[in-house]
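Start at 1 and go down the list; that is how both ligands and their atoms are numbered. The figures here come from the full heavy-atom set of this structure, side chains too, leaving out hydrogens, waters and symmetry mates.
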Amino acid sequence: MTVPDPGRAMRLDVVSIFPDYLAPLDLSLIGKAREDGLLDVRVHDLRDFTHDRHRTVDDTPYGGGAGMVMKPQPWSEALDHVLALDNPSGARPHLIVPGPGGQPFTQALARELAQEPWLAFACGRYEGIDERVYEHAREELGLEVSVVSLGDYVLNGGEVAVLAMVEAVGRLVPGVIGNAESLVEESHEDGLLEYPIYTKPRTWNGRDVPEVLLSGNHAAIAAWRLEQRLARTAARRPDLLHASHASLAGTAVEIAAATPGDVPELHVLMRACWVQEAVANDTLDIPALRESLDDVRASLDTTQTWVARSAGRLVGAVRTSRHDDDWFIGRLCVAPDLQGRGLGRRLLEHAEATAPDGIRTFSLNTGAKSADNLRMYKKAGYRLVDAPAPIPGAVTLVKRRHR
Ligand code: 6GU
């Protein structure tokens with residue numbers, strides 16, 4: 001086993017009365033990541049911090065009621081022990097307490113947690129942990145404490161939830177998954193569920209693979225997959241089609257020049273955004289929707305592309321190009337769950353602000369029926385021009401530059 005590189009490994013401590021429950025963390029990708037020194041996982045037995053013959057961790061609740069409550073003292077000693085272990089990064093852990101009463105565990109939260117140097121998990125059993133442990137951890141130990149729930153159902157304890165969370169977070173730590181592109185092309189990364197997948201044989205048990213997948217027509221395959229994703233999301237998770245729960249509030253959004261490393265995420269973001277345009281304009285015949293990964297990569301050389309990131313997540317983009325004295329602003333997009341919060345306007349202003357001397361007009365295209373986009377552009381001073389449609393169903397808007 002490789003010794004974890006303290007500067008690189010993400011540290012994970014788990015405290016439980018059933019440490020054996022966490023044995024699966026030795027297996028598969030997470031086990032491999034531990035061997036490779038990418039994750040430094042340590043499991044602790046809460047009962048090691050009791051001092052009575054029965055190693056008691058629980059007692060009856062004040063005020064009455066069913067079940068038992070975990071006593072504060074063993075938890076306090078366990079946390080002190082975790083904090084006192086060698087800690088080369090100088091960081092403090094973010095304490096995660098799994099419980100059905102917590103904030104929902106989502107891919108977005110997994111991404112945030114994957115950026116932390118150190119996570120500590122406190123697995124409660126019975127009815128839960130004495131509330132004063134949370135206050136003590138926050139106020140005396142100075143820890144950020146989050147209660148996190150896997151979903152709206154009840155488990156017997158936090159251990160299964162920790163297995164799920166460590167797997168979801170661990171696979172986002174750089175290097176744990178070899179092919180980073182596979183990370184963005186999956187459910188919950190761009191607001192839609194995945195399309196159905198098939199492998200050989202072509203006919204199995206009298207069932208054929210959908211014809212389009214054998215056609216070799218990549219545009220047709222992409223359009224079919226997109227339709228499947230939309231249909232599936234509408235049927236199984238209609239809430240995702242109107243996702244308004246994610247928020248930019250309180251998170252800094254940084255705009256930076258796009259690099260080749262941004263291309264896979266940018267490609268997925270564009271798909272997610274122009275699916276909306278496809279629905280709003282009732283057509284799949286939109287160039288942005290048909291851009292391949294290679295097209296997006298190539299566009300970095302022919303345009304100036306900017307990406308906006310929030311807590312590591314790519315949440316918006318825009319590209320500009322000069323045509324004589326006109327500055328064309330293209331592919332302006334904001335992640336569907338974060339629209340309506342002014343991020344599009346910020347990207348637009350950034351695109352305008354980067355225009356060189358000699359530019360006299362800004363211009364852009366959008367769908368003729370893209371009501372939200374049109375409203376935003378008009379508010380920003382753009383006017384529809386009576387030019388031939390750049391592509392079927394699209395319109396051109398122009399604004400004079402004021403200097
Ligand atoms: Cl994170 N813990 C427990 N004990 N029950 C749960 C849960 C977590 N998420 C859903 N049910």
Side-chain angles (χ1 to χ4, degrees), residues 10-30 39 41-47 49-50 55-63 65-72 74-76 78-79 82 93-116 118-138 143-173 187-188 193 236-237 239-240 243 245-246:
M10 178 180 198
R11 166 98 177 262
L12 300 149
D13 286 88
V14 186
V15 183
S16 161
I17 56 169
F18 295 121
D20 291 348
Y21 227 123
L22 286 310
L25 295 178
D26 291 333
L27 305 175
S28 190
L29 267 178
I30 297 300
L39 301 177
V41 183
R42 306 172 189 203
V43 179
H44 314 270
D45 187 345
L46 181 67
R47 291 196 199 274
F49 306 96
T50 58
R55 314 227 294 159
T56 310
V57 293
D58 62 332
D59 208 333
T60 54
Y62 275 116
M68 299 291 273
V69 177
M70 292 191 112
K71 293 158 64 67
W75 275 111
S76 158
L79 292 177
V82 167
H94 183 158
L95 181 62
I96 310 292
V97 186
Q103 70 178 99
F105 186 67
T106 59
Q107 189 65 19
L109 181 56
R111 278 205 176 276
E112 279 177 36
L113 295 179
Q115 311 223 332
E116 303 254 9
W118 188 0
L119 301 176
F121 294 90
C123 298
R125 282 261 151 184
Y126 318 111
E127 298 308 306
I129 304 172
D130 188 302
E131 189 67 22
R132 292 168 293 184
V133 173
Y134 302 88
E135 296 163 7
H136 171 72
R138 285 197 183 99
L143 305 185
E144 182 174 355
V145 181
S146 302
V147 184
V148 178
S149 167
L150 286 195
D152 294 339
Y153 45 82
V154 178
L155 303 170
N156 285 332
E159 287 78 6
V160 166
V162 168
L163 290 175
M165 290 192 261
V166 169
E167 183 155 322
V169 171
R171 65 196 291 285
L172 297 176
V173 169
S187 296
H188 301 300
L193 303 184
R236 299 179 185 173
R237 293 295 304 277
D239 56 310
L240 294 182
H245 35 258

Please determine if V148 has a nitrogen or oxygen closer than 3.5 Å to a nitrogen or oxygen of ligand 1.
no
Ligand 1 atoms in contact with L150 (distance to a heavy atom under 4.0 Å)
1 (Cl), 7 (C), 9 (N), 10 (C)
among protein heavy atoms, the one nearest atom 5 (N) of ligand 1 is L155 N, 3.2 Å
Heavy-atom contacts with S149 under 4.0 Å: which atoms of ligand 1 show up? List them by number with element.
1 (Cl), 9 (N), 10 (C)
Say whether A161, considering both its backbone and side-chain N or O atoms, lies within less than 3.5 Å of an N or O atom on ligand 1.
no
Within the structure provided, determine whether C123 and V14 are in side-chain contact (heavy-atom separation under 4.5 Å).
yes
Should Y153 be counted as touching ligand 1, given the test is an N or O pair under 3.5 Å?
yes
Between C123, P100, G158, flag the one that comes closest to atom 7 (C) of ligand 1 by a heavy atom.
P100
Counting from 1 in the order shown, the ligand 1 atoms closer than 4.0 Å to a non-hydrogen atom of G157 are 3 (C), 4 (N)
Heavy-atom side-chain contact between F49 and V57 under 4.5 Å:
no
Close side-chain approach of F121 to V148, heavy-atom, < 4.5 Å
no
When you measure from the side chain of S16 to the backbone N and O of F18, does any donor-acceptor pair fall under 3.5 Å?
yes
Is there a donor-acceptor pair closer than 3.5 Å between any side-chain N or O of S149 and the backbone N or O of G151?
yes
Would you say that V169 contacts M10 through its side chain, given a criterion of any heavy-atom pair below 4.5 Å between the two side chains?
yes
Atom 8 (C) of ligand 1 - nearest protein heavy atom and its distance
G99 N, 3.5 Å
Under the side-chain contact (heavy atoms from CB on, under 4.5 Å) test, which residues partner H136, sequence neighbours left out?
S76, E140, L141
